[in-house]
Amino acid sequence: MPKQADDVKEIEKRWRAFWEEQGTYRYDPNRGRDETFVVDTPPPTASGALHIGHVCSYTHTDLVVRYKRMRGFNIFYPMGWDDNGLPTERRVQNVFSVRCDPSLPYDPDLKLEFGREGDVLPISRSNFIELCDVVVTEDEKQFKDMFQRVALSVDWTHTYATIDRRSRYVSQWSFLKLIHKGEAVLREAPTMWDVDFQTAVAQAEVEDRDREGTYHRIRFSVEDTDDGVVIATTRPELLPACIAVVAHPDDSRYRELIGKTAITPLFGAPVPIMADESADPEKGTGILMVCTFGDAADVEKWREMGVPAREVIGRNGRILPAAWGSDHWETIDGEMARRHHDKITGLSVNQARKLIVELLAEAGALADDPDSSPEKVVRPVKFFEKGDRPLEFVVSRQWFIKVMDKKRELIEQGRKIQWHPEMFRKRYEDWVEGLNQDWGASRQRYFGVPIPVWYAIDGDGNVDHDTLLLPQKDDLPVDPSEQPPPGYEESQRGQPGGFAGDPDVFDTWATSSLTPVIPTGWPDDEKTFRNLYPNDLRPQAHEIIRTWAFTTITRSYLEDGSVPWHHAAISGFVLDPDRKKMSKSKGNAVLPTDVLDEYGSDAVRYWAGSARLGVDPAIDHNVYREGKRLITKIRNAARFVNGFGSVEGAPTNPLDRALIGRLQQTVDKVTTHWESWDHTAALETAESWFWSDFCDNYLELAKTRAYAGEASAISTLGRGLDAIVRMFAPFLPYVTEEVWHSIDPEASSVHLAPWPSAQEFSDGLDDGSFDVAVEVMTHIRKAKSEAKVSLKVPVEQLTVSGDKRRLDLLESVMDDIVTTANVRNRELTPTGSDDGLVVGVVLGEAEKKQ
RNA sequence: GGGCGGUUGGCUCAGCGGUAGAGCGCUGCCUUCACACGGCAGAGGUCACUGGUUCGAUCCCAGUACCGCCCACCA
């Protein structure tokens, strides 16, 4: 009887319990590095629901792991949870409708409901972190359920979370080592800043989005000229931050102006007009403002000029006050500048932009054509990938990990890794080559690993950021906002002569980049570490090559020059049936539970197994169905074969020998595919042998002999089934386990069985008899099909002519053909030629159907 | 704008220097002896386009056109 869906669930549950009870997937710490296969499992971000893409890519990893396990490797397959960072904070804010206000005291009695609605409640940092823990614990439970359901053969006794004590310890210690080496440095510099999240963001977290802007044409006066110069800008609100004007040195329109001084309208600031290769004569008016700071080019130019910055945009995205007429706020008309600046102070960027344009118009400094609307332009604008408003450059103090001076070495490290597919190495290299700033590793967030640094406070009460107070290794992990540095008392916090804790946390990647060592006992347990590092396999998605892969390779290199893993297997991400990217907002995201309920885990894994590494697979219900059919077929074939009982022995019949020979070839091919990281080809090869050779042809031909109790046939059927189960085990862990135990109820798990070897089937011989038998059978079937009669209708006369070799082969398997196709008379005629077989079929009288 | 992939039957995808393959879908046929979640037979492709290399190209090279992904200093 075909199994119903409920039965499938029952079966899955039963075998999960079996694996758990048997410890099937346990790592054995007593075996050495060379017989161990170590996976650097991606710790999924605990940010709500898993989607079907997770199932696909995690299954890819599990396929390899199961193959390696059957090859006899001791598997180290841990699971981590990436719970620190913004996604968790966001989720907490949404789930509990709260926001973190670090100035508030901890409220030990605070109790909030999951899914609380209503006004946003400000809560203390400690309360906030407690809620993060609640959310994370809940998510991890769901993730684990899902991963177990799809039968990831993870050793669940080895788990970690990127926020747990051990990860904080590793993360902080590794970072302190970088400080000591001078590879992690504190810098006050313009940094890309998200004004909503109010945190610095790294280059890797930035994305361009096309946004429409408006060119405003602003007239600057220039010494010794009547008309001045017209400068086009999409960001007029940065006018007070203008420190220079640049044009291309070859631009004849402006050549005469180079070296002169321009005066900004509204603020009367004298600024130099300079030549710069980066100015594009085609854009705008071809001459542009340099402001502190509109973009990275501004930052560069500002550094070159070596002048103080005029900061106008604050960390909250609003315009800062300015001291026009003093210090570096030079102006020819302080009163005017202050009056204008007062009007925009405190406004948002957008409000200020609008107002400045109005003020410019009033002052007659706008050169826009009054009869037509200003020119629009669509240009790329930088956003934090999780943010909604454009990034601004803000001067702040951040920790950086130095990578710019190591591009070549990091590319070299990438070449020591085998990438699957190979082309993704190129993507890694392109990213490294394109780096334009060091890795900004500090974040102004709350739920993360604290930066383990304090700063001394001098006698005047000023924080001295050059005097770092660092913890001892034994004290790690620390939280500088709650603990004093060594040699200080908590009472000295914030006092003259005391200390200040670094308020920031690490960028998520600063910790995630250590996943290859977090589960290895580094740096204290040398023996375990040596058994597990470098890892063998890093599976990951291609869109985070620039983040996770890059930062991990970087950290390993900085630590000891090592490469973190030998292989990187890159999965694509799953597209919806229309090949569109899935997203929750579009409502086309497919929930794994729905698919698993409908088709079962093995069928979903079959689908994942059909998707090649690195390509983006689409949801395809046909493939799920295909998987389901395969599962049913395996079950039915097993039932048939098991019906004959168990018989040992080498094949004595030529057809049996040929089948074993073909099985040997198949095992060989499948193994080769696995070794070249091509699970798709492995699956296809195994499937095609099973379906075509074993079921459609061999089973039919050998059936009669098996019913007659012939040992050779029964033994061959058994060996075929045994090999099939093992070859499919990595893909279909449940049904293969079930069938494995239907052969031998006392057996241990199929997932610990040895991978089939060509050696096992060396008593086979694919001499061509199988092909000949199939060829003749095809002719007979075709004749019957064309005559539209049942396959049981007898063949009155079968005539075959051809070369002697083939006829001899045919003769050796003729008995099976005769019984299978119901052949009454036959005539084999040797022709001497080698043109293949000529087959004639004369059908007998169809026995009348009743 | 740069880089990397892709373009093969209605759909999803293999293949790869020598007369085009699979699964699904489609057409016809075959049922109780493993399986109708099955079997058999069949229809269906100028392998995106243009040049080149070659005895011969879907496969190699160059270019073009679309599609996708990644990246790129926002005037």
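Below, chain A is the first sequence line, B the second, and so on; all start at residue 1.
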Exercise for the section: Return yes if the base of B:rC37 and the side-chain atoms of A:Thr632 contain a donor-acceptor N/O pair under 3.5 Å, otherwise no. Expected result: yes
Practice task
Using the six-membered ring wherever Trp is involved, compare the ring planes of A:His679 and A:Phe731 and label them parallel, tilted or perpendicular (cut-offs 30° and 60°).
Solution key: perpendicular
Exercise for the section: Return no unless some side-chain N or O of A:Arg425 is found under 4.0 Å from OP1 or OP2 of B:rG3. Expected result: no
Exercise for the section: Answer with base, sugar-phosphate or nothing: what part of the nucleic acid does A:Trp607 contact at a heavy-atom distance below 4.0 Å? Expected result: nothing
Exercise for the section: Please state the P separation for the pair B:rG42 and B:rG5 - nearest whole angstrom. Expected result: 40 Å
Problem - B:rC35 OP1/OP2 closer than 4.0 Å to side-chain N/O of A:Trp691 - result: no
Exercise for the section: Can you figure out which of B:rC35, B:rG5, B:rC69 approaches the side chain of A:His542 most closely? Expected result: B:rC69
Handout entry: Rounded P spacing from B:rA20 to B:rA43 in Å
Key = 14 Å
Practice task
For B:rG44 versus B:rA36, give the span between their C1' atoms, rounded off to a whole number of Å.
Solution key: 25 Å
Handout entry: Base B:rG42 to side chain A:Ser785, donor-acceptor N/O within 3.5 Å cut-off
Key = no
Handout entry: Pair A:Arg662 + A:Asp771: basic N to acidic O under 4.0 Å
Key = yes
Practice task
Give a yes/no on whether any side-chain N or O of A:Asn436 is located under 4.0 angstrom from OP1 or OP2 of B:rC73.
Solution key: yes
Handout entry: Under-4.0 Å side-chain N/O to phosphate OP1/OP2 contact, A:Arg629 with B:rC24
Key = yes
Handout entry: Pairwise C1' distance for B:rC67 and B:rU54, with rounding to whole Å
Key = 31 Å
Practice task
Please work out if A:Thr285 contacts a base, only the sugar-phosphate, or nothing of the nucleic acid, heavy-atom cut-off 4.0 Å.
Solution key: nothing
Exercise for the section: Hey, can you tell me if A:Trp431 and A:Phe550 have their rings parallel, tilted or perpendicular (30° and 60° cut-offs)? Expected result: perpendicular
Handout entry: Short side-chain N/O contact to B:rG42 OP1/OP2 from A:Lys782, under 4.0 Å
Key = yes
Handout entry: Phosphate-side-chain proximity, A:Lys426 and B:rG5, N/O vs OP1/OP2 below 4.0 Å
Key = no
Handout entry: Given B:rC74, B:rG28, B:rC40, the nucleotide with the shortest approach to the side chain of A:Thr234
Key = B:rC74
Exercise for the section: For B:rU19 versus B:rG15, give the span between their C1' atoms, rounded off to a whole number of Å. Expected result: 16 Å
Exercise for the section: Assign A:Leu391 to base, sugar-phosphate, or nothing according to its heavy-atom contacts below 4.0 angstrom with the strands shown. Expected result: base
Completion exercise
Among the nucleotides B:rC69, B:rC35, B:rC40, whichever has the atom closest to the side chain of A:Arg427 is B:rC69
Handout entry: Rounded distance in Å between the C1' positions of B:rC40 and B:rA14
Key = 24 Å
Problem - A:Asp210 and A:Arg379: CA distance, side-chain angles, deciding distance, salt bridge (charged side-chain N to carboxylate O under 4.0 Å, His left out) verdict - result: CA-CA 5 Å; A:Asp210 280 335; A:Arg379 81 282 192 231; over 6 Å; no
Handout entry: Integer-rounded Å distance: B:rC35 P and A:Leu699 CG
Key = 11 Å
Handout entry: Nearest-Å distance once atom C1' is located in both B:rA48 and B:rG23
Key = 24 Å
